[in-house]
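This report refers to the structure that appears directly beneath it.
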Amino acid sequence: MKSDKQKQAIAQSRNKELSAVANLDPQFYCQGDIGTFISLYLQAEVFAKKIQRYYRTDTNKNGKDELNIKVLKAAISHFSLSFKHNDVDSLFKGGSGTQNNKSARQLRNGYLHSLSANDKKEITSKSAVFNSKLKAFLALRV
């Protein structure tokens with residue numbers, strides 16, 4: 001079992017790594033709402049995968065490095081992070097989704113992989129809400 005001092009050192013190291021995700025910012029902001037959304041989403045996905053990895057390490061669970069919404073929710077609960085599970089769904093839910101009801105992940109996939117005009121329109125109309133949630137997610141620390 002780890003001492004409190006060891007736990008604090010691990011948390012500090014992890015939080016430093018999470019903070020470093022901001023340095024990975026692709027800086028697509030000059031492309032307006034779409035670019036801002038894409039920049040924030042890409043950072044949030046990397047961030048989510050790191051949190052999942054920390055959770056798997058702490059709980060001795062194996063798994064792939066790909067984003068898994070169930071594992072992400074378990075990690076958020078494990079670290080007692082203040083982020084609503086509904087917001088996790090609205091950001092990271094996979095699958096194809098339905099028009100005007102897609103998660104940020106579904107919109108990112110549709111736009112980047114197919115240049116979907118409908119997804120671009122939906123990103124633009126929901127960018128303020130998504131960007132706010134993505135920024136709040138990126139501010140979490142374990």
Side-chain angles (χ1 to χ4, degrees), residues 2 4-142:
K2 294 181 177 116
D4 286 341
K5 199 170 194 175
Q6 288 171 319
K7 289 177 185 177
Q8 288 174 345
I10 290 169
Q12 186 177 27
S13 173
R14 289 174 173 177
N15 286 331
K16 185 177 179 181
E17 193 174 325
L18 291 173
S19 294
V21 171
N23 295 331
L24 304 174
D25 184 354
Q27 300 182 4
F28 296 139
Y29 306 109
C30 62
Q31 299 301 316
D33 290 338
I34 301 294
T36 300
F37 168 80
I38 297 299
S39 284
L40 289 170
Y41 182 82
L42 293 175
Q43 290 176 79
E45 189 170 291
V46 170
F47 192 90
K49 289 177 185 179
K50 287 182 182 294
I51 290 175
Q52 286 181 172
R53 184 169 33 98
Y54 301 152
Y55 166 72
R56 286 186 174 122
T57 298
D58 284 3
T59 59
N60 295 318
K61 295 185 186 231
N62 294 323
K64 298 177 184 174
D65 281 341
E66 63 191 34
L67 185 60
N68 181 306
I69 199 164
K70 289 180 183 177
V71 175
L72 181 57
K73 287 179 179 179
I76 287 170
S77 296
H78 172 77
F79 291 113
S80 302
L81 301 176
S82 181
F83 200 79
K84 297 176 187 171
H85 283 209
N86 289 343
D87 287 344
V88 171
D89 290 335
S90 75
L91 294 178
F92 300 111
K93 184 173 60 176
S96 58
T98 57
Q99 204 61 48
N100 297 317
N101 196 28
K102 291 186 176 184
S103 70
R105 183 179 186 183
Q106 292 163 338
L107 290 170
R108 188 267 313 190
N109 287 343
Y111 184 67
L112 289 184
H113 296 292
S114 304
L115 294 176
S116 166
N118 288 334
D119 287 344
K120 181 180 180 182
K121 195 182 304 179
E122 192 171 339
I123 289 169
T124 302
S125 70
K126 295 180 176 179
S127 66
V129 172
F130 279 138
N131 292 350
S132 176
K133 289 179 184 181
L134 289 165
K135 287 177 183 175
F137 184 72
L138 288 166
L140 297 175
R141 297 296 179 265
V142 294

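In this text, all values refer to a predicted model and were calculated from it rather than measured experimentally.
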Checklist entry - Nearest heavy-atom pair of Leu81 and Val142: which atoms, and what distance? => result CD2-CA, 4.1 Å
Checklist entry - Excluding sequence neighbours, so at least two apart, what forms side chain to side chain donor-acceptor pair (under 3.5 Å) with Arg14? => result Asp58
Item to check | Residue pairs involving residues 61-75 (criterion salt bridge (charged side-chain N to carboxylate O under 4.0 Å, His left out); sequence neighbours excluded) | outcome: Lys73-Asp89
Checklist entry - At their closest point, which heavy atom of Gly110 faces which heavy atom of Asp119, and how far apart are they? => result CA-OD2, 3.1 Å
Checklist outcome for this item: Those residues at least two apart in sequence (or on a different chain) that pass side chain to side chain donor-acceptor pair (under 3.5 Å) with Ser90 are Lys133
Item to check | Leu112: partners by side chain to side chain contact (heavy atoms under 4.5 Å, CB included), with sequence neighbours left out | outcome: Ile38, Arg108
Item to check | Short side-chain to backbone donor-acceptor contact, Gln31 and Phe28, under 3.5 Å | outcome: no
Checklist outcome for this item: Sorted by chain and number, sequence neighbours left out, ring-ring contact (aromatic ring centres under 6.0 Å, His included) with His78 holds for Tyr55
Item to check | Partners passing ring-ring contact (aromatic ring centres under 6.0 Å, His included) against Phe83 (at least two apart in sequence or in another chain) | outcome: Phe137
Next on the checklist: For a side-chain contact (heavy atoms from CB on, under 4.5 Å) check, start with the C-alpha distance between Arg56 and Val71, then their side-chain angles and the critical distance, and finish with the verdict.
Outcome noted: CA-CA 9 Å; Arg56 286 186 174 122; Val71 175; 3.5 Å; yes
Checklist entry - So, Gln52 side chain and Asn68 main chain: donor-acceptor pair closer than 3.5 Å or not? => result yes
Item to check | Interatomic distance, Leu134 atom CG to Phe47 atom CZ [nearest 0.5 angstrom] | outcome: 11.5 Å
Item to check | side chain to side chain donor-acceptor pair (under 3.5 Å) partners for Arg105, two or more places apart | outcome: none
Item to check | side chain to side chain donor-acceptor pair (under 3.5 Å) partners for Lys7, two or more places apart | outcome: none
Checklist entry - For Gln43 and Ala22, which heavy atoms make the closest approach, and how far apart are they? => result OE1-CA, 3.5 Å
Checklist entry - To the nearest 0.5 Å, how far apart are CG in Asp87 and CZ in Phe92? => result 10.5 Å
Checklist entry - Of the non-hydrogen atoms in Gln106 and Ser96, which two are nearest, and what is the gap between them? => result NE2-C, 4.0 Å
Next on the checklist: Using every non-hydrogen atom in the two residues, find where Leu67 and Lys49 come nearest and quote the distance to one decimal.
Outcome noted: N-CE, 3.9 Å
I'd like a table of donor-acceptor pairs (distance under 3.5 Å, sequence neighbours excluded) in which one partner is a side-chain atom from residues 120-131, with atom names and distances.
unit_1: Glu122; atom_1: OE1; unit_2: Gln99; atom_2: NE2; d: 3.1
unit_1: Glu122; atom_1: OE1; unit_2: Asn100; atom_2: N; d: 2.8
unit_1: Glu122; atom_1: OE2; unit_2: Asn101; atom_2: N; d: 3.3
unit_1: Glu122; atom_1: OE2; unit_2: Lys102; atom_2: N; d: 3.2
unit_1: Glu122; atom_1: OE2; unit_2: Lys126; atom_2: NZ; d: 2.8
unit_1: Thr124; atom_1: OG1; unit_2: Lys120; atom_2: O; d: 3.0
unit_1: Ser125; atom_1: OG; unit_2: Glu122; atom_2: O; d: 3.1
unit_1: Lys126; atom_1: NZ; unit_2: Asn100; atom_2: O; d: 3.3
unit_1: Ser127; atom_1: OG; unit_2: Thr124; atom_2: O; d: 3.4
unit_1: Asn131; atom_1: ND2; unit_2: Ser127; atom_2: O; d: 3.2

Next on the checklist: So, taking the atom named CG in Leu138 and the one named CG in Leu18, what distance separates them when rounded to the nearest 0.5 Å?
Outcome noted: 9.5 Å
Item to check | Partner set under ring-ring contact (aromatic ring centres under 6.0 Å, His included) for Tyr111, not counting sequence neighbours | outcome: none
Item to check | Residue pair Leu140 / Phe79, side-chain heavy-atom distance below 4.5 Å | outcome: no
Checklist entry - Does Arg53 have any salt bridge (charged side-chain N to carboxylate O under 4.0 Å, His left out) partners at least two apart in sequence or in another chain, and if so, which? => result Glu17
